[in-house]
Amino acid sequence: MPKGIPLTEEELARRRREIVNAALKLFYEKGFLETSMREVATAAGVGKSTLYDYFATKDDILVSFFEQELQWITQRAEEIYRQDLPAEEKLRQITQVHLKYLLDNKSFYIKLTVEAQRLSLTSQQRIQAGRHAYQDLICRIIQDGVAEGSFRPVDPLLAMRLILAALTPVAFTTRPTGTPQEMLASSLDILLNGLKA
């Protein structure tokens with residue numbers, strides 16, 4: 001806990017965000033392994049000892065960012081999940097939110113996803129726990145669709161992986177066949193209806 005005058009929870013959260021944002025800029029520009037905690041402290045405008053009051057390691061900083069982003073997109077998905085909509089519409093809306101996130105953060109996302117591969121196994125597992133919470137929500141929607149009769153019985157985990165995997169070529173293609181939103185809609189049509197005539 002930071003020493004000196006006690007900070008409110010809001011102030012602590014703001015300071016953490018400031019540190020994370022400063023660190024992310026360095027990770028993006030220099031690389032994760034190439035950035036030192038001293039450089040992060042300087043960029044964030046705090047002393048090195050103060051930095052360690054908030055984050056024990058660089059891993060903690062990057063993991064904190066991914067956990068925050070995963071929490072954000074999971075909360076958006078949960079809001080859609082709670083709406084009185086057919087399962088297919090919920091999937092379409094959630095994947096559109098996910099696609100918008102990828103497009104809004106395109107180069108940043110690619111770079112930091114690569115940098116995340118350089119994290120320790122324990123740190124990667126923390127990120128994976130956040131991913132699983134989001135993926136489990138998609139699985140529940142697929143199971144709901146099966147229960148309501150709009151989807152045939154399928155392995156929900158495999159179906160979820162295929163649906164989320166469809167976002168990558170839509171967001172990062174070099175040979176677009178329409179807008180990203182149109183390509184996502186077409187991809188979901190193929191996944192949900194198959195290729196058979």
Side-chain angles (χ1 to χ4, degrees), residues 1-4 7 9-77 94-138 160-176 180 183-184 187:
M1 180 68 85
K3 304 169 186 64
L7 299 176
E9 287 298 318
E10 185 178 316
E11 290 170 328
L12 287 169
R14 188 183 73 245
R15 180 63 61 87
R16 282 178 64 88
R17 283 195 304 273
E18 290 168 355
I19 293 170
V20 169
N21 290 339
L24 291 175
K25 189 171 186 296
L26 289 172
F27 296 161
Y28 182 77
E29 292 171 354
K30 295 187 62 176
F32 177 71
L33 293 181
E34 295 75 16
T35 301
S36 70
M37 286 291 270
R38 184 177 300 283
E39 289 172 314
V40 171
T42 300
V46 299
K48 193 172 176 186
S49 61
T50 300
L51 173 61
Y52 283 111
D53 287 334
Y54 289 92
F55 297 100
T57 65
K58 285 191 300 179
D59 274 33
D60 286 341
I61 297 172
L62 191 52
V63 170
S64 174
F65 165 74
F66 278 110
E67 286 177 334
Q68 177 184 306
E69 297 300 287
L70 285 164
Q71 184 180 41
W72 180 87
I73 200 165
T74 302
Q75 287 173 345
R76 300 294 81 72
I94 288 170
T95 53
Q96 287 290 348
V97 169
H98 194 143
L99 176 64
K100 184 177 187 313
Y101 173 82
L102 292 178
L103 294 174
D104 288 348
N105 302 280
K106 204 167 184 178
S107 59
F108 197 66
Y109 175 84
I110 295 170
K111 174 72 172 175
L112 288 186
T113 299
V114 170
E115 294 299 327
Q117 304 307 309
R118 303 166 85 179
L119 290 169
S120 70
L121 178 59
T122 302
S123 295
Q124 291 189 41
Q125 288 170 337
R126 282 176 57 192
I127 295 171
Q128 195 71 295
R131 281 196 189 113
H132 287 170
Y134 178 60
Q135 293 170 352
D136 289 347
L137 179 59
I138 305 295
M160 172 276 298
R161 288 181 182 136
L162 291 170
I163 289 167
L164 294 183
L167 289 161
T168 302
V170 168
F172 303 109
T173 184
T174 57
R175 299 176 68 188
M183 289 189 292
L184 177 58
S187 297

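We count residues from 1, following the sequence as given.
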Novice: Any donor and acceptor pair, going by atom type alone, linking the side chain of E39 with main-chain N or O of L26 inside 3.5 Å?
Specialist: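 Here the side-chain-to-backbone pair does not exist.
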
Novice: Using a 4.5 Å cut-off on heavy atoms from C-beta on, say whether the side chain of I127 contacts that of L119.
Specialist: yes

Novice: Could you report the tightest heavy-atom contact between L137 and A77, atom names first, then the distance?
Specialist: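 In terms of heavy atoms, the two residues are closest at CD2-CB, 3.4 Å.
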
Novice: What I'd like to find out is whether the side chain of Y134 reaches to under 4.5 Å of the side chain of L164, using heavy atoms alone.
Specialist: yes

Novice: Could you measure the distance from the CD1 atom of I19 to the CZ atom of R14? Nearest 0.5 Å is fine.
Specialist: 11.5 Å

Novice: Where do L112 and F66 come nearest, in terms of heavy atoms and distance?
Specialist: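 For L112 and F66, the tightest heavy-atom pair comes out as O-CZ, 3.4 Å.
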
Novice: Nearest 0.5 Å, please: how far is OG in S123 from NZ in K58?
Specialist: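 Answer rounded to 0.5 Å: 11.5 Å.
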
Novice: Report yes or no: is the cationic atom of K111 (NZ for Lys, CZ for Arg) closer than 6.0 Å to the six-membered ring centre of F27, at no more than 45° off its axis?
Specialist: no

Novice: Testing the basics here: between L103 and P180, what is the closest heavy-atom pair and its distance to 0.1 Å?
Specialist: CD1-CB, 3.7 Å

Novice: So do the side chains of T57 and Y52 get within less than 4.5 Å of each other, counting heavy atoms only?
Specialist: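 With C-beta onward as the side chain, the pair stays apart.
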
Novice: Using the rule given for side chain to side chain contact (heavy atoms under 4.5 Å, CB included), can you reason through I61 versus Y54, listing the C-alpha separation, both sets of side-chain angles and the distance that settles it, and then say yes or no?
Specialist: CA-CA 9 Å; I61 297 172; Y54 289 92; over 6 Å; no

Novice: Would you say NZ of K100 has more than 12 non-hydrogen atoms from neighbouring residues, nucleotides or ligands within 6.0 angstrom?
Specialist: no

Novice: Would you find a donor on one side and an acceptor on the other, under 3.5 Å apart, between the side chain of T113 and the backbone of Y109?
Specialist: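 Flag set: sc T113 to bb Y109 pair under 3.5 Å.
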
Novice: Rounded at 0.5 Å granularity, tell me how far CZ in R126 sits from OG in S120.
Specialist: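 Reported value, rounded in 0.5 Å steps: 8.5 Å.
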
Novice: What distance separates Y101 OH from R76 CZ, expressed to the nearest 0.5 Å?
Specialist: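 Between atom OH of Y101 and atom CZ of R76 there are 12.5 Å.
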
Novice: Looking only at non-hydrogen atoms, find the nearest pair between L167 and L102 and report the distance.
Specialist: CB-CD1, 4.0 Å

Novice: Could you pull out the closest heavy-atom pair between Q117 and Q124, with the gap in Å?
Specialist: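 Closest approach of Q117 to Q124, heavy atoms only: O-NE2, 3.2 Å.
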
Novice: Let's go through Q71 and T74 carefully: what are the C-alpha distance in whole Å and the side-chain angles of both, what is the deciding distance for side chain to side chain contact (heavy atoms under 4.5 Å, CB included) to 0.1 Å, and is it a yes or a no?
Specialist: CA-CA 5 Å; Q71 184 180 41; T74 302; 5.8 Å; no

Novice: Kindly compute the distance separating CG (N105) from CD (E69), expressed to the nearest 0.5 Å.
Specialist: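 Going from CG on N105 over to CD on E69, the span is 6.5 Å.
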
Novice: Go through it in stages, so that I can follow the logic: the residues are R15 and E11, the test is salt bridge (charged side-chain N to carboxylate O under 4.0 Å, His left out), and I'd like the CA-CA distance, side-chain angles, deciding distance and then a yes or no.
Specialist: CA-CA 6 Å; R15 180 63 61 87; E11 290 170 328; over 6 Å; no

Novice: With sequence neighbours excluded, what pairs up with R118 under the side-chain hydrogen bond (donor to acceptor under 3.5 Å, both in side chains) test?
Specialist: E34, E115

Novice: If you round to the nearest 0.5 Å, how far is NZ of K25 from CZ of F108?
Specialist: 10.5 Å

Novice: Please find the pair of heavy atoms, one from S187 and one from A166, that lie closest to each other, and give the distance.
Specialist: CB-CB, 4.3 Å

Novice: For residues F55 and L62, determine if any side-chain heavy atom of one lies less than 4.5 Å from a side-chain heavy atom of the other.
Specialist: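 Heavy-atom side-chain distance check fails, nothing below 4.5 Å.
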
